[in-house]
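Here the structure is laid out as structure tokens; the discussion comes afterwards.
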Amino acid sequence: AYGIRLRASLAAYGIGIDRIIVTDGSRPLRLSRAWCVSPIWSDHIPHPTAIELLRTTLTTEFLESSPTVVALTRREWHSRGIANANEIIPFLEATGFREVDVAALPFLGQVALFRTARRIFSVIGSGLTGLIYSPDGVEVLAAGPARWGDRFFYALGQLRAARWVEVRGPSSWNGCGEMRDAPFTIAPAALAEGLSQL
């Protein structure tokens, strides 16, 4: 599935399978002509010009039919799930959010979702990478376990002049694996307070 999504994302930028050379890394590879591309990363975020190119060079037209208020919940993910999701999701839906499993969408569906969403609830993690495509001024209510953060997604929000509010809750980490990946709980009152700040 990852390979399919990767190829689809490249195709959306006009890079077809015919332009990709697959190597196995078992022997040196010498190219007669090649371009050197330098890293675009600095302080946990790609260069703003690279982000802008990602936003503006897609070769596909979109129908603007995605929901504008979405909750990206990671229900089926093996990491950083909301332990009391059965309590939190109905609360979000009652305030106008539509639950979306962004990982189940094809690449262009994910782009379309973020292009039209004006308000997003999400667990802090890779589901928020689509902020690259969000409109300026997008409102983000980000949730995560207490005592853990990731500045990459906040920085993506800054590039979009996002209104950003975080809600934190206790983690159920038991000492095994990464603390950041354990399920965590969000108090509905804290969620309501976070929404009021948006």
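Residue numbers start at 1 and run along the sequence shown. Just so it is clear, the structure is predicted and the values come from calculations on it, not from any experiment.
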Looking only at heavy atoms, what is the nearest atom pair of A142 and I124, with distance? CB-CG1, 3.7 Å
Please confirm whether W164 and F153 have ring centers closer than 6.0 angstrom. no
Under a 4.5 Å cut-off applied to non-hydrogen side-chain atoms, are P188 and I88 in contact? yes
Which atom pair, heavy atoms only, marks the closest approach of S9 to F107? CA-CD2, 3.5 Å
I'd like to check the side chain to side chain contact (heavy atoms under 4.5 Å, CB included) partners of E52; sequence neighbours left out, ordered by chain and number. R55, T56, R160
Between L29 and L31, does the side chain to side chain contact (heavy atoms under 4.5 Å, CB included) criterion hold? Intermediate values first, please. CA-CA 7 Å; L29 180 67; L31 303 174; 4.2 Å; yes
So, the side chain of R168 versus the backbone of P145: is there a donor-acceptor pair under 3.5 Å, distance only? yes
Nearest non-hydrogen partners of A103 and R5, listed with the distance: O-NH1, 2.8 Å
Does Q110 reach the main-chain N or O of V102 with its side chain, forming a donor-acceptor pair under 3.5 Å? yes
Review item, side-chain donor-acceptor pairs of residues 12-23, under 3.5 Å, at least two apart:
{"from": "Y13", "atom 1": "OH", "to": "L54", "atom 2": "O", "distance (Å)": "2.6"}
{"from": "Y13", "atom 1": "OH", "to": "Y133", "atom 2": "OH", "distance (Å)": "2.7"}
{"from": "R19", "atom 1": "NH1", "to": "G14", "atom 2": "O", "distance (Å)": "3.2"}

Checking A143 now: which residues fulfil side chain to side chain contact (heavy atoms under 4.5 Å, CB included) with it, not counting sequence neighbours? F121, F184, I186
Quick one: list whatever passes salt bridge (charged side-chain N to carboxylate O under 4.0 Å, His left out) with E87, sequence neighbours left out. none
Validation: residues 191-198 side-chain donor-acceptor distances under 3.5 Å, sequence neighbours left out:
{"from": "E193", "atom 1": "OE2", "to": "Q197", "atom 2": "NE2", "distance (Å)": "2.9"}
{"from": "S196", "atom 1": "OG", "to": "E193", "atom 2": "O", "distance (Å)": "2.6"}

If the condition is side-chain hydrogen bond (donor to acceptor under 3.5 Å, both in side chains), which residues does R163 pass it with, not counting sequence neighbours? none
Scanning both residues in full, the closest heavy-atom pair of T129 with L156 reads O-CD1, 3.9 Å
Applying side chain to side chain contact (heavy atoms under 4.5 Å, CB included) to A117 and not counting sequence neighbours gives V70, I120
Set of residues satisfying ring pair (Phe, Tyr, Trp, His ring centres under 6.0 Å) with respect to F97, sequence neighbours excluded: none
L108, L53: one ILVMFWY side-chain cluster at the under-4.5 Å cut-off? no
Please find the pair of heavy atoms, one from L72 and one from G127, that lie closest to each other, and give the distance. CD1-O, 3.8 Å
Could you work out, with side chain to side chain contact (heavy atoms under 4.5 Å, CB included) as the rule, every residue matching L159, not counting sequence neighbours? I45, P48, I51
State, yes or no, whether a side-chain contact exists between S126 and F152 at a heavy-atom distance under 4.5 Å. no
With sequence neighbours excluded, residues passing side-chain hydrogen bond (donor to acceptor under 3.5 Å, both in side chains) with S26: D24
Mind checking what makes salt bridge (charged side-chain N to carboxylate O under 4.0 Å, His left out) contact with R118, not counting sequence neighbours? none
For P67 and V100 the tightest heavy-atom approach is CG-CG2, 4.5 Å
